[in-house]
Amino acid sequence: MDGINPAQSPADLRLERRIFAASHGREMTPEERETLARIRPPQTYPVRPAVQSYDGPVAMLPVAQLYVRDVPDLSPPEGKDLLQVLWCPFDHPIMPRTLLFWRSAAAVTDILDTPPEPPAVQFDGYLPEPCVLEPEQITEYPDHLELSPELQGQLKQWSVPQAAAEGMDPDTYYDCVLSNAPGWKVGGWPAWNSTDPSPQPCSECGTGMEVLMTVATFEEGDDAGNSWSPYPHPGAGPYPGHRGYNATGVQIGSGYRQHLFVCPAEPEHPHIALMT
């Protein structure tokens, strides 16, 4: 807990999302406003920090379920063809703590109709909205910070006429249009938006770790042109009015991404999570 933002139940957060989606473009009804006031009572300031605690274990929330048949480049451990990603919907310390489970789909036979849920979620952006996976294989390139100074200079010169043709900034054209596709993805390259590139060695064997998956706040942003727009172009998602497209309802920090790095030599070695 951060002592300021009261945790909410998953049921209340889903109800809040339905109200915002249903009232988009019109005035809220008195009943809708009353329900929202119940979910998030008005605060008086100064705020007195409060600490909430819960007895017993806190169930983790499902974030992604990926099959090798849908994502051939997933590179699972031998005998596994299913990856399940879960997280705790509280800060640890600045983003949810993730767990990876590599499994054999044929061995998953005891399926719960209603998976357990935590009693509360710290932020509404930590409660993923269920989505159907429609994978699309793309090609992207390393962040410009991972390139040599010589290659960076060549790219900048090349970008000037390209950016002018699309009305974009030549200094950011490469990263926006060719490098670091926005949105949720498996594999690819990390984006170094808030920190410089840094080696990520495996804590078990020292092998350089690679990006397994990126959990993103937005599928696309205002500065990316149309290069990475999904086709057909989606709607607004559960948060109309937000910058970019956000179908999952997930928010990492103030609009960042959570990269999950794994050891390519042994995917079941401990993974690393970075927010960039």
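This structure is a prediction, so every number in the text was calculated from the model and none was measured.
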> About how many Å separate CZ of Phe218 and CD of Gln251, when rounded to the nearest 0.5 Å?
Replying inline: 6.5 Å

> According to a 4.5 Å side-chain heavy-atom criterion applied to Ile, Leu, Val, Met, Phe, Trp and Tyr, with indirect links allowed, do Tyr67 and Leu83 form part of one hydrophobic cluster?
Replying inline: no

>> Would Ile138 and Lys185 count as a side-chain contact (heavy atoms from CB on, under 4.5 Å) here? Give the steps.
In response: CA-CA 10 Å; Ile138 60 174; Lys185 60 187 180 182; 5.8 Å; no

>> Using the side-chain hydrogen bond (donor to acceptor under 3.5 Å, both in side chains) criterion, which residues pair with Ser159? Sequence neighbours excluded.
In response: none

> Are the side chains of Asp81 and Pro76 in touch, meaning some heavy atoms are under 4.5 Å apart?
Replying inline: no

> Do Trp184 and Cys131 come close enough that some side-chain heavy atom pair is under 4.5 Å?
Replying inline: no

> Mind checking whether Leu127 and Ile94 sit in one hydrophobic cluster, side chains of I, L, V, M, F, W, Y counted as touching below 4.5 Å?
Replying inline: yes

>> Ignoring hydrogens, what is the shortest heavy-atom contact between Pro128 and Arg17? Give both atom names and the distance.
In response: C-NH1, 4.1 Å

> Could you walk me through whether Arg33 and Leu36 pass the side-chain contact (heavy atoms from CB on, under 4.5 Å) check?
Replying inline: CA-CA 5 Å; Arg33 295 184 184 278; Leu36 292 179; 5.7 Å; no

> Are the side chain of Gln258 and the backbone of Pro96 linked by a donor-acceptor contact shorter than 3.5 Å?
Replying inline: yes

> Is it true that atom OH of Tyr174 has more than 12 heavy atoms of other residues, nucleotides or ligands lying nearer than 6.0 Å?
Replying inline: yes

> Does Glu31 have any salt bridge (Lys or Arg N to Asp or Glu O under 4.0 Å) partners at least two apart in sequence or in another chain, and if so, which?
Replying inline: none

> Val262 and Leu82: same hydrophobic cluster, using ILVMFWY side-chain contacts below 4.5 Å?
Replying inline: no

>> Quick one, Leu155 with Tyr141, criterion side-chain contact (heavy atoms from CB on, under 4.5 Å). Give me CA distance, side-chain angles, the key distance, then yes/no.
In response: CA-CA 12 Å; Leu155 278 173; Tyr141 299 90; over 6 Å; no

> SG of Cys88 to CD of Gln122: how many Å apart, nearest 0.5 Å?
Replying inline: 9.0 Å

> Mind checking what makes side-chain hydrogen bond (donor to acceptor under 3.5 Å, both in side chains) contact with Gln137, not counting sequence neighbours?
Replying inline: Asp73

> Side chains of Phe90 and Arg97: does their closest heavy-atom pair fall under 4.5 Å?
Replying inline: no

>> Does Tyr126 form a side-chain contact (heavy atoms from CB on, under 4.5 Å) with Asp91? I'd like the steps, not just the answer.
In response: CA-CA 9 Å; Tyr126 290 174; Asp91 276 343; 2.4 Å; yes

> With hydrophobic residues grouped by side-chain heavy-atom distances under 4.5 Å, do Leu61 and Met95 end up in a single group?
Replying inline: yes

>> Around atom CH2 of Trp189, are there more than 12 heavy atoms from other residues, nucleotides or ligands closer than 6.0 Å?
In response: no

For a quick test of your reading: what N or O donor-acceptor pairs under 3.5 Å do the side chains of residues 195-213 make, sequence neighbours left out?
from, atom 1, to, atom 2, distance (Å)
Ser198, OG, Gln200, NE2, 2.8
Gln200, NE2, Ser198, O, 3.2

>> For a quick test of reading the model, state the closest non-hydrogen atom pair linking Glu140 to Gly188 and the distance between them.
In response: OE2-CA, 3.1 Å

> For Ala191, what residues pass the side-chain contact (heavy atoms from CB on, under 4.5 Å) criterion, not counting sequence neighbours?
Replying inline: Asn180, Asn193, Arg257, His259, Thr276

> Per the salt bridge (Lys or Arg N to Asp or Glu O under 4.0 Å) rule, which among Arg18, Arg26, Arg38 passes with Glu32?
Replying inline: Arg26

>> Quick one, Glu146 and Trp192 - any side-chain contact, counting heavy atoms below 4.5 Å?
In response: yes

>> Which residues pass the side-chain hydrogen bond (donor to acceptor under 3.5 Å, both in side chains) test with Gln162, not counting sequence neighbours?
In response: none

> Can you name the nearest heavy-atom pair linking Ala7 to Ala120, along with the distance?
Replying inline: CB-CB, 3.6 Å

>> Main chain of His144, side chain of Asp175: is a donor-acceptor contact present, judged purely on distance under 3.5 Å?
In response: yes

>> Side-chain heavy atoms under 4.5 Å apart, restricted to Ile/Leu/Val/Met/Phe/Trp/Tyr: what other residues fall into the cluster of Val132, or is it alone?
In response: none

> Going only through I, L, V, M, F, W and Y residues with side-chain contacts under 4.5 Å, is there a path from Phe261 to Ile252?
Replying inline: no

>> Suppose we screen for salt bridge (Lys or Arg N to Asp or Glu O under 4.0 Å). Which residues come up paired with Arg40, at least two apart in sequence or across chains?
In response: Glu16, Asp124

>> How close do Cys176 and Met168 get, counting heavy atoms only, and between which atoms?
In response: CB-CE, 4.0 Å

>> Once side-chain hydrogen bond (donor to acceptor under 3.5 Å, both in side chains) is applied, do any residues pair with Thr98, and if so which ones, sequence neighbours excluded?
In response: His271

> With sequence neighbours left out, what residues match Glu268 under salt bridge (Lys or Arg N to Asp or Glu O under 4.0 Å)?
Replying inline: Lys80

> In Å and rounded to the nearest 0.5 Å, what is the CD1 to CG distance from Ile39 to Leu15?
Replying inline: 4.5 Å

>> Please give me the minimum heavy-atom distance between Gly183 and Thr214, naming the atom from each residue.
In response: O-CG2, 4.1 Å

Result block: side-chain N/O donor-acceptor pairs under 3.5 angstrom for residues 101-113, not counting sequence neighbours:
from, atom 1, to, atom 2, distance (Å)
Arg103, NH1, Gln84, OE1, 2.9

> For Asp171, what residues pass the salt bridge (Lys or Arg N to Asp or Glu O under 4.0 Å) criterion, not counting sequence neighbours?
Replying inline: Lys156

> Taking all non-hydrogen atoms of both residues, which atom of Leu86 and which atom of Pro62 are closest, and how far apart?
Replying inline: CG-CA, 4.2 Å

